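One structure below.
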There are 4 protein chains.
Amino acid sequence: MTTGSKFPVKRPRAKSGSTSGRPKFRRRADARPDEILDAALAVFTEKGFDAARVDDIAMRAGISKGAVYLYFNSKDALLRGLIEREVAPAAHRLRALAEAGGDDPKSTLTLLVTAATQLLSDPRMFATPKLVLSVAPRFKEIAQFYRERVIDETIGAIASLHRRGVENGAFRDIDSDAVARMVIGPILVHAMRKHVLGAKDAAPPDLRAKAHLQILFEGIAA
Amino acid sequence: MTTGSKFPVKRPRAKSGSTSGRPKFRRRADARPDEILDAALAVFTEKGFDAARVDDIAMRAGISKGAVYLYFNSKDALLRGLIEREVAPAAHRLRALAEAGGDDPKSTLTLLVTAATQLLSDPRMFATPKLVLSVAPRFKEIAQFYRERVIDETIGAIASLHRRGVENGAFRDIDSDAVARMVIGPILVHAMRKHVLGAKDAAPPDLRAKAHLQILFEGIAA
Amino acid sequence: MTTGSKFPVKRPRAKSGSTSGRPKFRRRADARPDEILDAALAVFTEKGFDAARVDDIAMRAGISKGAVYLYFNSKDALLRGLIEREVAPAAHRLRALAEAGGDDPKSTLTLLVTAATQLLSDPRMFATPKLVLSVAPRFKEIAQFYRERVIDETIGAIASLHRRGVENGAFRDIDSDAVARMVIGPILVHAMRKHVLGAKDAAPPDLRAKAHLQILFEGIAA
Amino acid sequence: MTTGSKFPVKRPRAKSGSTSGRPKFRRRADARPDEILDAALAVFTEKGFDAARVDDIAMRAGISKGAVYLYFNSKDALLRGLIEREVAPAAHRLRALAEAGGDDPKSTLTLLVTAATQLLSDPRMFATPKLVLSVAPRFKEIAQFYRERVIDETIGAIASLHRRGVENGAFRDIDSDAVARMVIGPILVHAMRKHVLGAKDAAPPDLRAKAHLQILFEGIAA
DNA sequence: CATGAATGAGACTTCATTCAT
DNA sequence: TATGAATGAAGTCTCATTCAT
C-alpha cells in the first residue's frame, strides 16, 4: 500500500539498503524530491497547474530548472508525485480524527468535528484539496485516486463511526452516508468560501464547531 | 445593479430593433455571443481554463477562431463574460428556491433542500460552480464576484429563512450561518464528489434529500 | 505620361466620356477613390504602412472596410495608388518653384529657396516624402518611382537653373548637382528633424531661408 | 551617463570575469546579444521593422526563434536595444569628425566634410539612420533619443566649430545652425538618394566633397 | 549532480481579404 | 454600390523539455 506506487516517480539514487560508503556530508540529496514537491505544491496552489512554470518551482526549491528533471520526468509527473505524496498524510490525518475519541461514538464525533474544523482553517491543510479540485477535470486518474483514497475513506470512516453509534444506541438509525455528508459538508463549505473564494473568516473555529455539533445532534426543529 | 456590467463584453452593433422575423439564413449574428459563451462554458468545464484552446471553443461554436475575437477581446474576456452571464441565472435560481414554499419556513426549507438536491444532480447546473472553483486561484475578481453574488446570497437567504422560522417558533435559535452551512454543505459534498471527482451516484436524489432533512430537523442523536 | 499608370488602380466606373444619364444626386462616387487616398495618406503617415489597418483608413474615409476593396485591390494597391497620385502635385509644385522668379536665375533661386523653406514647414507637405522614406526598403518600385519623378526632377530643375545662371554670368561654374544638393539639403535637414524626429522649430522660415541664401551665394569664408 | 541605459536589455548572467581564453566550442553566450543585434539591424534595415519577422532575425543570427527571447523581451526591446547600442558609436564617430583637423577651423571643416562624405557612402554606416527614419513615426521615444544624441550633437559640434572660426576670423559671422545644415544637408541628400531610394552613385565621394566645400566656402555667386 | 542555454511546438491574437446580403 | 460578419494565414511570445558542459 505504501510501496505500490500508482504514479511512478524517478528515483535517481537506488535506495538500496546498503549504507554504501560514508553517509557523506555533501547534499541531503534524499531530501531533494521532497523539497521539489513542497515547492510544487506551493506554486500549483498559488497559480494553478497550467499557469505555474517549472521555473517557478525550481526557483522556489532553490535549484535550477534542469535539476527538477533529474527527479521528475515531466510537469505532469510532478503533479502526480505530489498528489500521491499528499494522500498518505491526508488519509492518516483523517484516520487519526476518526479514532480521536476512544470508543464513545458521540464524543469521538465531537472531537472529530472540532479537530476537522480547526484543521481546515489552516490554508496549508486545504492546499492539496484545492489543487486537486482545480486539476480534476483534466487529470481524471488523480481525481479518482484522491476520491477513493481520501474522500471515500473519510466518508467511510465517519459512516462506520455512525454505525457503531447506532449499534451502541447512541445514534438513531439513519442513512450513514447522509450522516457523513452532514459532518463533512458544513466544514467544506466554510473551507471553500475561505480558501478558494477568498472570504474572510466570520466566526472562530470553536464556535463554528459547537454550532455544527449542536445541529448535528439535535437538529434545528424547535 | 442588474444592468451595471462588471465585465464588459463587445457587442457588435445591435442591429437596432431587429425583431426581424425569419431565422435568417446565415449570419445570425445576434445569437453569436451566447453561442460562443455556451461553447466556452462547455470547453472550460471540460478541460479547465488554461488547457482549453480558443480553437476548441470556436470549433464547438461552429465558427472560426478569428470570429470569436469579433465578439470577445480575449480569452480572459470570454471567461469573464461567461461568469457574468451565469451569475444572474444562478442568483435567480437560488432566490426561487428560497421562496419555494410560501411562508411556512419548515416546508419552505423542505422544498428548498429537495429542489437543490435535485438541481445539483444535473451536471449542467454544476458546470459554472465547477469552473469558478477551478479558475478562482488565478482570477481573484471572479472568485469574489461569484462569492458575493451567489454563495453569500444563498447563505443569506437560507439564514434569513431560518430567522423567520425562529421568530415563528418553528426553529430553535441557533447560529443561522451554521444552519445555512448544514443545508448547503451536504448537497455540495455530493455534487463535488460526483461532478468534480467523477463518482457514480449512490442514492437517488429524493432519498438523499429525505435523509438530509431528517437529520437537519431532528439531529442524529437517539 | 499622365495616362500611363505604372501602378494600376481599380476603376469601378468606366470613366467613359458619356454623360451617361443624369449626374444623379446620390453619391459623389467619383470622389470616393480620392477620399480613400486622403484617408490612407493620413493614416499611413501617422502610423506607418504596416501598423495602419485598412479599417482605420475606411473609418477615416467614413466608409466600411469592405467598400475600400471596391476601389482598391489590396492594401499595397492603396499605397501605390497614393504615391502615384501624390507624385503629380509634388512634381508640379517643384516645377512651379523652379520657375518662380522669371528669367533672372539669382532671384529665381531666392524665391525658390524661400518658397521651399516655407512649404516644407507644413507637415502636410512633408507627409508623402515621409511616407515614401518609411516604406522605401520594402517597396523598391515606389522608391524608384518617387526618386525618378520627384527627387531627380527637382535636382534636375535646380541644376538647370544653375546652368542658366552660369551661362548668364550670374553663377560660378561649379558642379550643378552639388549646387542642387546645397539648395535642397539644408531644407531637408530641417524638415526631417522637425517632421520625422519630432523637433520643435527654432528659427522661423524666413530667417532660415535668408541665412541659407546668404551662405549659398557668398559662402562662409571671411 | 554613458552607463545609464535608457532602454534596458536582458543580460543573462554575465559569467563573471570570463576572459576565459578559448573561443569555446559551443554556447558563446557572451557574444549572443551582440550577434542578435547585428542580425536585427540587418533585417530591420532590409525590410523595415514591421515586415521583419523575429524568425528572420533568429535565422540570420544562426539561432532559434526562442533563443532571441532569452536575450530580449520583445521585438520592440530588440529595436530599442539596437538603437541604443548604435547611438554610442554614431556619437563617437561624429565627435571624431568634429575634432578631425586640429585647431584650424577651416581645415577641420574640410576634413570633416571629406570624411563624412566618405563615411556615408558606406551602406552600413547609414543603416541605423535609415532604420530610425523608418520607425520614427511609431517610436517617438526612439526618434527623440536619436535626435538628441546624434543629430543635435552633430549640429551642435559643427555650429561650435563655426563659432570658433568666427572668433578666429576665419569665418563670417552667420547663423551657426544654418551653417551646420549647409554642412550636413548635401551629404544627407546624397545618402538618402543612394541608400534609401536606391540611386546609383554618380560622382565619387572626393569630387562631391570638393564641390561641396568649394560652395560652402565661397558660395555660388560669380 | 547540476546548470542554463537552446529548441520547437503551439498558444493567443491580429488583420487583410472575401462574400452573402 | 455598400455592408460587416467571417475566415485563415501569419506573427509574437511562452515554456516544457533536452543536452553539452
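Below, read A as the first sequence line, B as the second, and so on, with proteins coming before strands; counting in each chain starts at 1. Since the structure is predicted, the reported quantities are computational estimates derived from the model, not experimental observations.
What separates NZ of A:Lys75 from C1' of F:dC15 is a distance of 8 Å, to the nearest Å. Following rounding to the nearest Å, D:Ile36 (CD1) and E:dA5 (P) show an atom-to-atom distance of 12 Å. Following rounding to the nearest Å, C:Met59 (CE) and F:dT3 (P) show an atom-to-atom distance of 12 Å. Spacing between atom CD of D:Glu35 and atom P of E:dA5 amounts to 14 Å, rounded to whole angstrom units. Regarding D:Tyr69, its OH atom lies at a distance of 18 Å from the P atom of E:dA11, rounded to whole Å. Here E:dG8 presents its P atom at 13 Å from CG of D:Leu70, a figure rounded to the nearest Å. Rounded to whole Å, atom C1' of F:dT7 lies 12 Å from atom OH of B:Tyr71. Rounded to an integer number of Å, the gap from B:Leu79 CG to E:dT13 P is 12 Å.
Atoms CD and CZ, on A:Glu141 and A:Arg80 in that order, are 5.5 Å from each other to the nearest 0.5 Å. For the atom pair B:Thr45 OG1 and B:Leu82 CG, the distance stands at 7.5 Å (nearest 0.5 Å).
C:Asp38 pairs by the side-chain hydrogen bond (donor to acceptor under 3.5 Å, both in side chains) definition with C:Arg85, not counting sequence neighbours.
Salt bridge C:Asp50/C:Arg138: present, at least one basic N to carboxylate O contact under 4.0 Å.
Taking atom C1' on both nucleotides, F:dT21 is separated from E:dC1 by 13 Å, rounded to a whole Å.
An end-to-end axis angle of 10° holds for the helix from E:dA2-F:dT21 to E:dT21-F:dA2, taken from five base pairs per end and rounded to 10°.
Judged by the 6.0 Å distance and 45° axis criteria, D:Lys130 is not positioned over the aromatic ring of D:Phe44.
Where A:Asp76 and D:Asp76 meet DNA chain F, the nucleotide closest to each residue was compared, and D:Asp76 sits on the side nearer the 5' end. Looking at which nucleotide of DNA chain E each of A:Ser64 and C:Ser74 is closest to, the 5′-most match is held by A:Ser64.
A distance-only check finds a donor-acceptor pair linking the side chain of A:Lys75 to the backbone of A:Phe49 [under 3.5 Å]. A donor-acceptor contact shorter than 3.5 Å is absent between the side chain of C:Asp34 and the backbone of C:Ala31.
Contact annotation: side chain of B:Lys65 to base of E:dT13, donor-acceptor pair present below 3.5 Å.
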Q) Checking ring-ring contact (aromatic ring centres under 6.0 Å, His included) for the pair D:Phe139/D:Phe145: CA distance, chi angles, key distance, verdict? A) CA-CA 10 Å; D:Phe139 296 88; D:Phe145 184 62; over 10 Å; no
Q.
What verdict does the salt bridge (charged side-chain N to carboxylate O under 4.0 Å, His left out) test give for D:Glu46 and D:Arg60, after you've listed the backbone C-alpha separation in whole Å, the side-chain angles of each residue and the deciding distance to 0.1 Å?
A. CA-CA 12 Å; D:Glu46 211 168 86; D:Arg60 182 168 316 213; 3.3 Å; yes
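The stretch residues 42-58 of chain A touches DNA chain F through A:Ala52, A:Arg53, A:Val54, each having a heavy atom within less than 4.0 Å of the strand.
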